[in-house]
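Only heavy atoms go into these numbers, but all of them, side chains included; no hydrogens, no water, no symmetry mates. A note on names: the letters A, B, ... follow the listed sequences, proteins ahead of strands, and every chain is numbered from 1.
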Amino acid sequence: MNAPITRAELLTQLARCVPVEAILSETEDMRPFETDGLTAYRQTPYVVVLPSTEAQVQAILALCNSVGVPVVARGSGTGLSGGALPHAEGVLLSLSKFMRILDIDPLARTARVQPGVRNLAISEAVAPLGLYYAPDPSSQIACSIGGNVAENSGGVHCLKYGLTVHNILKVRAVTMAGELVELGSDALDSVGYDLMALITGSEGLLAVITEVTVKLLPKPQKAQAILAAFDDVEKAGDAVARIIAAGIIPAGLEMMDGPATRAAEAFVHADYPLDAEALLICESDGTPEEVTDEIARMKTILEDSGAIEIRYSYDEAQRLKFWAGRKAAFPAVGRLAPDYYCIDGTIPRRSLGMVLKRIYEMSHEFGLEVCNVFHAGDGNLHPLILFDASKPGEFERTEEYAGKILELCVEVGGTITGEHGVGVEKINQMCVQFSVEALQMFHGVKAAFDPLGLLNPGKGVPSLHRCAELGRMHVHHNQLPHPDLPRF
Amino acid sequence: MNILLQSLMDQVRSAHDAAIPLTIQGGGSKGFWVKAEAPQTLNIKPYTGVVDYEPSELVITVRAGTPLSEVENLLAANNQMLGFEPPHYAPTATLGGAVASGLSGPRRANAGSVRDFVLGARIMDGQGRDLSFGGRVIKNVAGFDVSRLMAGALGTLGVLTEVSLKVIPRPQFETTLEWALPEAAAIIRMNEWGGQPLPVSATSFYNGQLRVRLSGAEVSVRSAMRQLGGEVVNEADAWWLSVREQSAPCFTSARPLWRLSVRSTATPLGLSGASLIEWGGALRWIASDHAPAQIQKAAQDMGGHALQFRNGHPARPHFAPLNPVLAQLNQRLKQSFDPKGILNPGLMAGF
Ligand SMILES: Cc1cc2nc3c(=O)[nH]c(=O)nc-3n(C[C@H](O)[C@H](O)[C@H](O)COP(=O)(O)OP(=O)(O)OC[C@H]3O[C@@H](n4cnc5c(N)ncnc54)[C@H](O)[C@@H]3O)c2cc1C
């Protein structure tokens, strides 16, 4: 595809939208923007623009729309699905200058923030008021709230406190045509279709988010955690189901398998039991009475489910130590091999044991090691496949293994992505999860916001043509879950 | 495919081919507020049944015609509930209608809205195509979130045929406390308490009385009671039911009943007429003869919007107008889902 105007011309016109310092066009300057958290994909942007006002964003988008130049929005670039991967002939629009917390309303318990504000910075700013912003992705020291909205990010506490979509009230955004819209409101609902819910998780395909009003929650008085070790992952999975069935919604319910536990222990020395084949971290928060009560109930269930060891955090330091290994699990696993590949499928909890078993079996089939770290309470798996990208063919094998795991997630009634988004990474698996008609409807939604298809093209929703090609490929291997569905 | 679903699909397809608009009919329980006047009716009520429910998954999947009360009874038998405490307004209410209407009950400000609990939806679009979005798991970000978009769309984007909802455990213990207070002071208190770690699950202000429901583990409810003081309300369940079902006195007047959704901290709106406040201050009902424009403006000044809920025109429900950019986005979406405009015409903010 050729850009409709020359690069020099585009640069000249962009310079009318923003000060020249806000435009980066030298390859060296653009390097930091080549990739997001999914470093296997890399692309030098055509040009990088760093606006600092909403009006500048409007001008840039209107310009690009009129000359047919694609735009990719970027927050902090921590995304794990290549959502912020630049377009070879497009503008990379960085929101990193939008760093201000505009307003905090302690009585209404809301904060109005610019999209580049880091997730954790919000909780830090409102901590003196006894409030916090609940969704806490592990990347929260770095990721931006704009990126969180674009990905509908979750965190270890989202079983009890919800995802991004449950914790925001209002979004200001600019469409590809350069028009400013306010979605949601300061009230709890608004007129028309729920476009705020629709833009949440839209991966930068519908509009560029320029302001977010988040809800703040009162900080729980107390939090306590249990660390429970099991000699078998299935028993641990069963314990998770029994806790939920008993009517308990823990503040956090995380699992690590044996390999992940040992990697984490070697990395941060959290004192994890090394003989465990599965480790559960169950957290309770609330009033002191409530926490004591809930911890006691969880203890009984864990014992009945066959835990071989149970520990409690007796103070904040110990609680944080329990979490230290879990929070560092990705980098810890990263030390085991030159590269790792993180998967993000979600399954009904009842299939946990079966799916894990298949993941281990496939690990042997593909000859690739795997560690499992996951949000057990939500059924959100993060298998980490270890590989060495410098060995010819190993990355391709890893991608194939990952694809098989995702297809298995769909097969048991789950989804290919629980929180990391589709991006470029899972675009092929979208063809497995959705029918051709549903994909067509996604294109219809996209067209309603961006008729020319210039905002983050090639991400999130596959073209029907792509699925048709893949359809043939999958049918050839005779692995397709729905062979009866029509494909082009 | 299920024979009933097939027949519903055939009806939508022929309506699409002949460009004949349809009134989508569930239990008719919300017809006093919204009901399209179309030449043909698509009756969803016979399409009933629980498709999937395993309590430990915290998810239930139900066909849209299933009576809401049946779903609630099944959940109650497993010590679970719908967190958004949906209003029924008549025993005929269906689950599909509850989702399409987007209405949530007293628990809304604390537990979330119907939108927040939707995990997946199977719909028929305006061409009668059978489409599934979202899923039956709690976390899912594959594709645009079309299933949440269906909540509150009044059936104008698609006919809901199956819905998956997240459910929550029933609280162990509940109690309601009461204080006599002026309106302005009550609004401030609702907001202040909302900012403290208290197990509040509903609030109301009516006739000079602030009522606060506490739900959760018995120990934490009791400790909150000691902290807050106030009088314990007897027969509190009946009160919250009358708020949810709008059988409390302020709802039953013959005047137009307005629903004002505003910023929770909005000061008293100064409109005359019997009124009731819910949702920590964010929802204000008023039975009033004021001109619509005046009520609209009062809501807008407080960061929200107003709509006429009772004693209006169900075929042309009164919504605050959308600004042109938003109106265009809404219309284009409608166009993608229902190109010939046959689904519940006229209901959604005029289209
Ligand atoms: C170590 C690590 C741990 C992680 N843990 C979690 C976790 O626990 N839970 C979780 O959900 N995610 C997690 N992530 C993924 C990632 O941090 C989140 O997806 C995050 O929300 C991305 O934010 P960002 O600002 O980095 O966005 P980016 O990576 O810059 O962008 C992500 C997507 O959002 C779009 N976008 C960004 N800003 C805007 C905007 N203003 N307007 C419109 N579109 C925009 C981009 O185009 C892109 O498609 C983790 C990542 C890492 C590296």
### Query
Relative to chain B, which segment of Asp293(A) carries a heavy atom at a distance below 4.5 Å: side chain, backbone, both, or neither?
side chain

### Message
For a quick test of reading the model, state the closest non-hydrogen atom pair linking Ala197(A) to Arg115(B) and the distance between them.
### Response
CB-CD, 3.8 Å

## Note on the structure
Most contact-rich option vs chain A, by heavy-atom pairs under 4.5 angstrom, among Ile168(B), Asn323(B), Leu157(B), Leu260(B), is Leu157(B)

### Task
List the steps, then state whether side chain to side chain contact (heavy atoms under 4.5 Å, CB included) holds for Arg222(B) with Glu289(A).
CA-CA 10 Å; Arg222(B) 293 213 180 274; Glu289(A) 302 87 348; over 6 Å; no

### Task
For residues Leu195(A) and Leu333(B), determine if any side-chain heavy atom of one lies less than 4.5 Å from a side-chain heavy atom of the other.
yes

### Message
Heavy-atom cut-off 4.5 Å, strictly under: side chain, backbone, both or neither for Asn79(B) against chain A?
### Response
neither

### Summary
Under 4.5 Å to a heavy atom of chain B? For Leu183(A) that would be side chain

### Message
Could you check whether any side-chain heavy atom of Leu188(A) comes within less than 4.5 Å of a side-chain heavy atom of Leu283(B), counting everything from C-beta outward?
### Response
no

### Query
Who wins among Gly247(A), Gly460(A), Gly414(A), Gly413(A) for the most heavy-atom pairs under 4.5 Å with chain B?
Gly247(A)

### Query
With chain A, which of Gln196(B), Arg136(B), Glu218(B), Gln335(B) has the greatest number of heavy-atom pairs at distances under 4.5 Å?
Gln196(B)

### Message
Only pairs of heavy atoms separated by less than 4.5 Å count here; which of Pro348(A), Ala241(A), Ala245(A), Gly201(A) has the most with chain B?
### Response
Pro348(A)

### Query
Do Arg129(B) and Met441(A) touch side chain to side chain, with heavy atoms closer than 4.5 Å?
yes

### Message
So, taking the atom named CZ in Arg332(B) and the one named CZ in Phe449(A), what distance separates them when rounded to the nearest 0.5 Å?
### Response
9.5 Å

### Query
Quick one: what part of Leu169(A) sits under 4.5 Å from any heavy atom of chain B, side chain, backbone, both or neither?
neither

### Query
To the nearest 0.5 Å, how far apart are OG in Ser202(A) and CG in Asp145(B)?
10.0 Å

### Task
Against chain B, label Val445(A) side chain, backbone, both or neither, depending on which of its atoms sit under 4.5 Å from a heavy atom there.
both

### Task
Over all heavy atoms of both residues, which pair between Ala217(B) and Glu290(A) is shortest? Give the atoms and the distance, please.
CB-CG, 4.1 Å

### Query
Could you state the interatomic distance from OG (Ser264(B)) to CG (Asp105(A)), rounded to the nearest 0.5 Å?
7.5 Å

### Task
Would you mind checking which part of Ser261(B) comes under 4.5 Å of any heavy atom in chain A, side chain (CB onward), backbone (N, CA, C, O), both or neither?
both

### Query
Out of Gly194(B), Gly281(B), Ala299(B), which one racks up the most heavy-atom pairs below 4.5 Å with chain A?
Gly194(B)

#### Entry: Leading residue by heavy atom contact count with chain A [cutoff under 4.5 Å; candidates Arg148(B), Met150(B), Arg170(B)]
Arg148(B)

### Task
Pick one of side chain, backbone, both or neither for Arg259(B), based on which atoms fall under 4.5 Å of a heavy atom in chain A.
side chain

### Query
When rounded to the nearest 0.5 angstrom, what is the spacing between OG in Ser56(B) and CZ in Arg349(A)?
6.5 Å

### Task
Could you check whether the rings of Phe442(A) and Phe144(B) sit parallel, tilted or perpendicular, using 30° and 60° as the cut-offs?
perpendicular

### Task
Let me know if Leu107(A) has heavy atoms under 4.5 Å from chain B in its side chain, its backbone, both or neither.
both

#### Entry: Contact origin within Gln172(B) toward chain A - heavy atom pairs under 4.5 Å
side chain

### Query
What option among Ile347(A), Val240(A), Asn380(A) has the most heavy-atom pairs under 4.5 Å with chain B?
Asn380(A)

## Note on the structure
Cut-off 4.5 Å, heavy atoms of chain A, and the answer for Glu192(B) is both

### N/O donor-acceptor pair under 3.5 Å between Asn330(B) side chain and Tyr193(A) backbone
yes

### Query
Which bit of Thr265(B) is near chain A, if near means a heavy-atom gap under 4.5 Å: side chain, backbone, both or neither?
side chain

### Message
Is Lys215(A) close to chain B through its backbone or its side chain, or both, or neither, when contacts mean heavy atoms under 4.5 Å?
### Response
side chain

### Query
Of the non-hydrogen atoms in Pro218(A) and Pro197(B), which two are nearest, and what is the gap between them?
CB-N, 3.6 Å

### Query
With the threshold set at 4.0 Å, does a side-chain nitrogen-carboxylate oxygen contact exist between Arg350(A) and Asp52(B)?
yes

### chain B interface, residue from Lys426(A), His443(A), Glu203(A), Gln221(A) that has the most non-hydrogen pairs under 4.5 Å
Gln221(A)

### Query
What part of Asp125(B) lies closer than 4.5 angstrom to a heavy atom of chain A: side chain, backbone, both or neither?
side chain

### Message
Need one label for Arg263(B): side chain, backbone, both or neither, based on atoms under 4.5 Å from any heavy atom in chain A.
### Response
both

### Query
Is it true that a side-chain atom of Ser336(B) and a backbone atom of Gly444(A) form a donor plus acceptor pair closer than 3.5 Å?
yes

### Task
Mind checking the OG-CZ spacing from Ser435(A) to Phe133(B)? Nearest 0.5 Å is all I need.
7.0 Å

### Message
Could you tell me if the side chain of Pro169(B) sits less than 4.5 Å from the side chain of Ile248(A), heavy atoms only?
### Response
no

#### Entry: Val461(A) versus chain B, the contacting section by heavy-atom distance below 4.5 Å
side chain

#### Entry: Min side-chain heavy-atom separation Ile138(B)-Leu159(A) under 4.5 Å
yes

### Summary
Applying a strict 4.5 Å limit to non-hydrogen atoms, the region of Leu131(B) in contact with chain A is side chain

### Query
Any idea which of Asn152(A), Leu198(A), Asp189(A), Thr287(A) has the most non-hydrogen atom pairs under 4.5 angstrom with chain B?
Asp189(A)

#### Entry: Contacting moiety of Arg108(B), where chain A heavy atoms sit under 4.5 Å
side chain

### Contacting moiety of Pro106(A), where chain B heavy atoms sit under 4.5 Å
neither

### Query
Taking Leu58(B), Leu149(B), Asn191(B), Leu326(B) one by one, which has the highest count of heavy-atom pairs under 4.5 Å against chain A?
Asn191(B)

### Task
Could you go through the salt bridge (charged side-chain N to carboxylate O under 4.0 Å, His left out) check for Lys139(B) and Glu419(A) one step at a time?
CA-CA 7 Å; Lys139(B) 276 163 91 179; Glu419(A) 57 181 14; 2.8 Å; yes

### Straight-line distance of His166(A) NE2 to Asp116(B) CG, nearest 0.5 Å
4.5 Å

### Message
What I'd like to find out is whether the side chain of His420(A) reaches to under 4.5 Å of the side chain of Val141(B), using heavy atoms alone.
### Response
no

### Task
With side chain to side chain contact (heavy atoms under 4.5 Å, CB included) as the test, would you mind laying out the steps for Asn140(B) and Gln433(A) before giving the verdict?
CA-CA 12 Å; Asn140(B) 183 359; Gln433(A) 182 158 339; 4.1 Å; yes

### Task
Considering only heavy atoms and a distance below 4.5 Å, find which of Ser223(B), Gly152(B), Gly135(B), Gly304(B) pairs most often with chain A.
Ser223(B)

